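The block underneath contains the structure these notes are about, expressed in structure tokens.
Here the structure is a predicted model, which is why all the values come from computation and not from measurement. Chain letters run A, B, ... following the sequence lines, proteins first and then strands; every chain starts at 1.
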Amino acid sequence: MADDAEKPPVDTKDGRDYRETVFLPDTPFPMRAGLPQKEPQILARWAELDLYKAMRAERQRAGAPLFVLHDGPPYANGAIHIGHALQKTLKDFVVRSRFLLGYDVDFVPGWDCHGLPIEWKIEEELRSQGRRKDEVSKAEFRTRCREYAAHWIDVQREGFKRLGVIGDWENRYATMDYGSEAAIVAEFHKFVASGQLYRGSKPVMWSPVERTALADAEVEYHDHVSPTIWVKFPVTEGSDATRGASVVIWTTTPWTIPANRAISYNPDIAYSVYEVEAMEQGLEFEPWARPGDRLIVADKLAADVMAAAKVAKHRRVEAVDCQGMECEHPLANLDSHYRFAVPLLAGDHVTDDAGTGFVHTAPGHGADDYLVWLAHGHREIPDTVDPDGAYYPHVALFGGLKVLETDGKKAGKFGPANGAVMEKLIEAGRLLARGRLEHSYPHSWRSKAPVIFRNTPQWFIRMDEPVDTKELGGRTLREAALEAIEATTFYPAGGKNRIRSMVESRPDWLISRQRAWGAPLAMFVDKETGQPLHDPEVDKRIVDAIRAEGADAWFNRPVTDFLGSHDPDRYEKVEDILDVWFDSGSTHAFTLENRAHTRWPADLYLEGSDQHRGWFQSSLLESSGTRGRAPYDAILTHGFTMDENGEKMSKSKGNVVDPEQVIKDNGAEIIRLWAAMIDYSDDSRIGKTVLQTTSDAYRKLRNTVRYMLGALSDYTADEAVELEQMPPLERYVLHRLWELDAQVRDAYARYAFQDVIRPVLEFCQDDLSALFFDIRKDSLYCDRPDDLGRRAARTVMDAVFERLTAWLSPLIPFTTEEAWTTRYPDAHSNCLRVIPTTPADWRNDAEAERWAKVKAVIAHVTGELEVKRREKAIGSALDAEVGVSLADAADLAAFEGLDPAEVFRTSAAAVALAGDMSAAVHVLDHAKCERCWRRLPEVGPPKFLCERCDNAVEAWDAKRANGAHGKASA
RNA sequence: GGGCCUGUAGCUCAGUUGGUUAGAGCACACGCCUGAUAAGCGUGAGGUCGGCAGUUCGAGUCUGCCUGGGCCCA
């Protein structure tokens, strides 16, 4: 350490500096880690070793059992965020801890590549280059999407690797790989072949801006201002009371009026005819209602409706029974196309919370509308709006008008349809009132544009049809999936309820999308029957072509390449693409099957808790439909990462914690330690304070390891002491190792990383730093190297080091690797180790009991020493001698075989049985031993050293004289 | 609005089947050491266990309601 120039002046009484004879800790392992710089060096070393492959090879040689963690694919779009970091870190804990427990672990990271978000980005790019979407060929468009996804795979992969995440990065999977696309299509064919697929026609969420149907998961709700209209439907059939009256409906979607076919009411709601008596005065416009008008509304809402219509005075005429009533369409008097009966239909979905108590029903534009329409025996669903959200030409009065703008800056804003409908309603004399309303409205998660309900033909997978395959055995998909859920272990257990209730109630799986970037529903449909073509030969040609050329083959090749002898004129080629959830639901098929050294099903899927509706479920359905069970045995979920105050991170709030920045400032190891310390099953917080706390915990661990490295600098196995020769303290520490060994194994087996790090941290603090190291410091520094006690202490320290570096290696692999290679520069990587076995005879309940008692006495003694210290009577505890009285004979017995002075770290001490527990502190006036600083009676002129040190120095001098380079303080 | 989950010291977490003055580590204050030194040891302060109401001899722990937060859905 210090060279001669820096050596402090010798001021000992006999003129010798004994410092050089003291065995101080000696290690190049720095106190300050410099993680941001050191981690890349360690990563480089791992890369050189091809660590993951080496780990697998070593386990496979040993015939280790296989453990499969199947990676849920992040979307290849954008840089990684703290949520990714947490998730991949947790996965790495699983991978490394299973290796540690002796498994051969298969982990193939993957990416989700298809789908709307990437298409959207590419469309944006095109727009910014001034190119229109339809100027670009589908092939070019798909190529650009592919390049875009490939770019982000690279970026994210480097980010994940920087966190220390190990896995088969070279053979990562991607849903856009040709082999993956072929496998996805092959999975799709299984659904077709087993009759689980059908073409349905029902209103789905449709985004005109993106020209596609959206799944529920692709829709988000935002506040949105809509026009609201109150519309009169003149009664044509009804009781006498209703003659000349109009049913009033209220809607926020005027554009659906042309598609109106019915009015829904609720039989439990009271309705009446109301007569308008007087209008408000001084209005700035001519009101649409007049005195004498008769309106039918729910009683509870009558006042609201009248207020909206600017009616100053009205009276209730009489109650109305809506059953069997019919009205005419409000546009009937403008165009004959609207001259049809509009029946009133009873429906539960109608409430009297708002509106008029009647619901305008357009079966092609709402789920409730559709269901109530079907429930009353109607089959024909009017198609009024085309894929661009414009009225079809056949729609009278409005043909060609757009509901939403789909191009340019106005994309997502309302088009002319609403206005035109309102104008015509006014012209027809059927508009009662209008206004504006801000409400929660569905929007596309990607374009943020509003969506509409639109009746479209789509492909669905049935949930409730018995399937007669050998995998399903006559069960429905829902039944098979629910059974699979029961057979799955959930961490935490609550996940089972959550996914079960979702699967119980979910609708059929809508899998078709009218988009370009994805795996196709590669099949032919008989134009006559509408049924998909079943021909294994055709399917094989399709899958082979996609495996060779990617999904583009389906779009680019002539149909005759696939159809073979089938008549091309008879079949329609389906060009829809699959829901991206179908892709991700199929990852098990192309990652866990037909690969070496893996297994289907996976032992574990690990994702955020939002994936109960996402990947866990898509995988469950896909696998249940094709294989009759889930592709996993267990599911582990983690919560979300919030900012320091428990609030959601967002760019606008400026509270985003960027993992890259944390790595730069603190190191990936700090993110890992944070992930290890939190209760990941719940939402967790990260921010400045949390990172500071984590860094402090890290320092504690690091210094513990560093101290051991220093104390063990010249230790070899030759020095080891047998258990029988160990002093009580050493036996106690070994007992703690025995205890922790079981805890650590159990915690890793349960993925309870907190239950590894917390007990280990407490062990480092309470048992090592404050007890073992502090007590043994004297022996380590001052005893002769061949002293049995010193050797025992180092033997135990060696055992502690072996275990700490193993136990913590899954969590903080950089630091454990650094420690390991510091001690064993030529050894293989620490990561390759299997958790050290712990001899059963280390268990020592008697020592555990003893030290619990001794610790209590120590606490009492330090309390008394603290009193003297405050009185300035002593400084160091070595200035004192304590006489301890113990009330309990058992406490006294606990000191049997112990040197109380050693335990209390004083120069002298005695324990005795007497009265209450107390400790008397005497200030010693003996001279200090110049070497070990203890105040002992034997020290004093002419002797400046205690006997122990005298002897130790003699041995040290002799060794030096013999030319042996005894390594004390360097 | 519905389903599921969640709220213990500044931070991260323990608190077994309800049972004495609610614990730990870190941070903080103060002190010791100066041979782990941007380290180590000790002492101390800090909590109406989200709130209210019940059950009970006794509730952080059980029940109900309310409230904050989250995920999913509408």
Side-chain angles (χ1 to χ4, degrees), chain A residues 1 8 18-27 29 31-32 216-217 219-221 351 353 367 440 442 492 494-502 504-506 608-614 617 637-642 644-648 673-674 676-679 681-700 702-711 754-755 757-766 769-771 773-775 777-778 780-782 858-859 861-863 865-870 872 874-879 905 931-933 968-969:
Chain A
M1 289 188 191
Y18 290 105
R19 194 186 162 96
E20 61 175 359
T21 73
V22 173
F23 306 100
L24 295 178
D26 175 30
T27 175
F29 188 84
M31 186 150 69
R32 299 195 45 152
D216 291 345
V219 168
E220 57 190 31
Y221 287 75
T351 68
D353 295 340
S440 179
K496 182 175 281 192
N497 288 334
R498 187 163 171 181
I499 194 168
R500 191 202 293 118
S501 66
M502 288 177 188
E504 277 169 350
S505 61
R506 68 157 295 147
S609 59
D610 57 333
Q611 296 303 322
H612 286 107
R613 179 152 292 266
Q617 196 176 142
T637 52
H638 61 81
F640 282 69
T641 306
M642 304 294 136
E644 197 119 79
N645 302 313
E647 285 176 41
K648 215 171 174 154
L673 187 57
W674 165 75
M677 295 204 300
I678 58 170
D679 175 5
S681 70
D682 196 2
D683 292 338
S684 45
R685 299 173 177 203
I686 195 165
K688 227 178 140 209
T689 317
V690 179
L691 288 168
Q692 188 54 51
T693 307
T694 310
S695 300
D696 290 332
Y698 175 78
R699 289 219 315 269
K700 181 80 230 176
R702 185 173 180 89
N703 276 311
T704 303
V705 170
R706 176 170 184 263
Y707 189 70
M708 283 188 287
L709 281 167
Q754 262 189 320
D755 293 344
I757 196 70
R758 186 172 20 80
V760 168
L761 266 170
E762 283 173 17
F763 172 69
C764 288
Q765 174 59 32
D766 296 346
S769 203
L771 194 76
F773 294 170
D774 208 45
I775 290 176
K777 220 191 273 199
D778 172 75
L780 286 166
Y781 295 175
C782 301
I858 290 173
V861 169
T862 50
L865 288 170
E866 193 60 26
V867 171
K868 290 287 175 197
R869 208 169 266 140
R870 264 199 296 275
K872 300 286 178 198
I874 60 167
S876 162
L878 289 175
D879 295 338
R905 284 143 276 180
R931 185 161 170 274
C932 72
W933 300 343
S969 73

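- Of all the heavy atoms in A:E644 and A:V690, the pair that sits closest is OE2-N, 3.2 Å.
- In the set B:G35, B:U12, B:U37, B:U12 carries the atom at the smallest distance from any side-chain atom of A:I678.
- Contact between A:T27 and A:L709 at its shortest, heavy atoms only, is OG1-CB, 3.7 Å.
- In this structure, B:C71 forms a base pair with B:G3, meeting either the Watson-Crick or the G-U wobble geometry with both donor-acceptor distances under 3.5 Å.
- Atom CE of A:M642 and atom C1' of B:C71 are 8 Å apart (whole Å).
- For B:A38, the OP1/OP2 oxygens have no side-chain nitrogen or oxygen of A:R699 closer than 4.0 Å.
- Remark: the separation of the P atoms in B:G50 and B:A14 is 14 Å, to the nearest Å.
- Among all heavy-atom pairs drawn from A:R706 and A:F29, the shortest one is NE-O, 2.9 Å.
- Rounded to whole Å, the C1' atom of B:A9 lies 5 Å from the corresponding atom of B:G47.
- Residue contacts for A:G646: at a heavy-atom cut-off of 4.0 Å it reaches the sugar-phosphate backbone alone, with no base atom in range.
- When both distances must be under 3.5 Å, the Watson-Crick or G-U wobble mate of B:G35 does not exist.
- The residue A:D696 sits close only to the backbone: its heavy atoms come under 4.0 Å of sugar-phosphate atoms, none of a base.
- Atom C1' of B:G46 sits at a distance of 16 Å from the matching atom of B:U21, rounded to the whole Å.
- In this structure B:G19 sits in a base pair with B:C57, meeting the Watson-Crick or G-U test at under 3.5 Å.
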Stepwise side chain to side chain contact (heavy atoms under 4.5 Å, CB included) test for A:I775 and A:R905: CA-CA 6 Å; A:I775 290 176; A:R905 284 143 276 180; 3.5 Å; yes

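- In this structure, the nucleotide among B:A14, B:C72, B:G25 sitting nearest to the side chain of A:T693 is B:G25.
- Listed nucleotides: B:G35, B:G25, B:G40. Nearest to the side chain of A:D774: B:G40.
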Set out, line by line, the N/O atom pairs under 3.5 Å between protein and nucleotides 42-50 of chain B.
from  : atom 1 : to     : atom 2 : distance (Å)
B:G42 : O2'    : A:E866 : OE1    : 3.1

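- Atom pair A:D683:CG and B:U6:C1' shows a separation of 8 Å (rounding to whole Å applied).
- For the atom pair A:I499 CD1 and A:R613 CZ, the distance stands at 9.5 Å (nearest 0.5 Å).
- Nearest-nucleotide mapping onto RNA chain B: of A:K648 and A:C782, the residue sitting toward the 5' end is A:C782.
- When distances are taken from the side chain of A:R685 to each of B:A38, B:U12, B:C13, the shortest belongs to B:U12.
- The P atoms of B:U6 and B:C13 are separated by 14 Å, rounded to the nearest whole Å.
- Going from atom CG of A:D26 over to atom P of B:A36 covers 14 Å, rounded to whole Å.
- Taking a pair to require two hydrogen-bonding distances under 3.5 Å in either a Watson-Crick or a G-U wobble arrangement, B:C30 pairs with B:G42.
- In this structure, A:D679 places its CG atom 15 Å from P of B:C5, rounding to the nearest Å.
- When heavy atoms are screened at a 4.0 angstrom cut-off, A:R931 is found touching base atoms of the nucleic acid.
- The separation between A:L865 atom CG and B:C30 atom P is 22 Å, rounded to whole Å.
- Figure legend: A:R931 and A:Y781 shown without cation-pi pairing, the cationic atom not lying both under 6.0 angstrom from the six-membered ring centre and within 45 degrees of its axis.
- Side-chain N/O atoms of A:K777 include one lying less than 4.0 angstrom from OP1 or OP2 on B:A36.
- Between A:D755 and A:R758, at least one side-chain N (NZ, or NE/NH1/NH2) sits under 4.0 Å from a carboxylate O, which counts as a salt bridge.
- Taking only distance into account, the side chain of A:R498 meets the base of B:C71 through a donor-acceptor pair shorter than 3.5 Å.
- Within 4.0 Å (heavy atoms only), A:Y707 reaches at least one base atom of the nucleic acid.
- For the OP1/OP2 pair of B:A36 and a distance below 4.0 Å, the side-chain nitrogens and oxygens of A:R32 include no atom meeting the criterion.
- An OP1 or OP2 oxygen of B:G31 is reached within less than 4.0 angstrom by no side-chain nitrogen or oxygen of A:K872.
- Summarising the base pairing, B:C49 is matched to no nucleotide, lacking a Watson-Crick or G-U wobble pair whose two defining distances lie under 3.5 Å.
- Between the side chain of A:W674 and the main chain of A:R685, a donor-acceptor pair closer than 3.5 Å is present.
- Considering only side-chain N and O atoms, A:S769 lies under 4.0 angstrom from the phosphate OP1 or OP2 of B:C41.
- Between A:Y781 and A:G494, the residue anchored nearer the 5' end of RNA chain B, judged by the nucleotide with its closest heavy atom, is A:G494.
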Assess the residue pair A:R498 and A:T637 against the criterion (side chain to side chain contact (heavy atoms under 4.5 Å, CB included)); give the C-alpha distance rounded to whole Å, side-chain angles, the decisive distance to 0.1 Å, and a yes or no. CA-CA 12 Å; A:R498 187 163 171 181; A:T637 52; over 6 Å; no

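- Distance CD (A:E762) to C1' (B:C13): 9 Å, rounded to an integer number of Å.
- Counting non-hydrogen atoms under 4.0 angstrom, A:L761 reaches nothing in the nucleic acid.
- Comparing B:G68 with B:C28, their P atoms are spaced 35 Å from each other, to the whole Å.
- As the counterpart of B:A24, B:U12 is assigned, both hydrogen-bonding distances of the Watson-Crick or G-U wobble pattern falling under 3.5 Å.
- A distance of about 14 Å separates the P atoms of B:G15 and B:U8, rounded to the whole Å.
- For the atom pair A:S769 OG and A:N703 CG, the distance stands at 8.0 Å (nearest 0.5 Å).
- Note: CD1 (A:I499) to P (B:C71) measures 18 Å, nearest angstrom.
- Nucleic acid contact for A:Q692: none, since no nucleic acid atom lies under 4.0 Å from a heavy atom of the residue.
- Across the C1' atoms, B:U55 and B:U12 are found 34 Å apart, a figure rounded to whole Å.
- Contact annotation: A:Y698 side-chain N/O to B:C26 OP1/OP2 distance is not under 4.0 Å.
- What separates CZ of A:F773 from P of B:U37 is a distance of 14 Å, to the nearest Å.
- For B:G35, the base is stacked against the aromatic ring of A:W933, per a cut-off of 5.5 Å between centres and 30° between planes.
- Side-chain N/O atoms of A:K700 include none lying less than 4.0 angstrom from OP1 or OP2 on B:A36.
- Here, B:G42 and B:C33 have their P atoms 15 Å apart, quoted to the whole Å.
- Side-chain N or O atoms of A:Q754 include one that pairs as donor or acceptor with a backbone N or O of A:M677 at under 3.5 Å.
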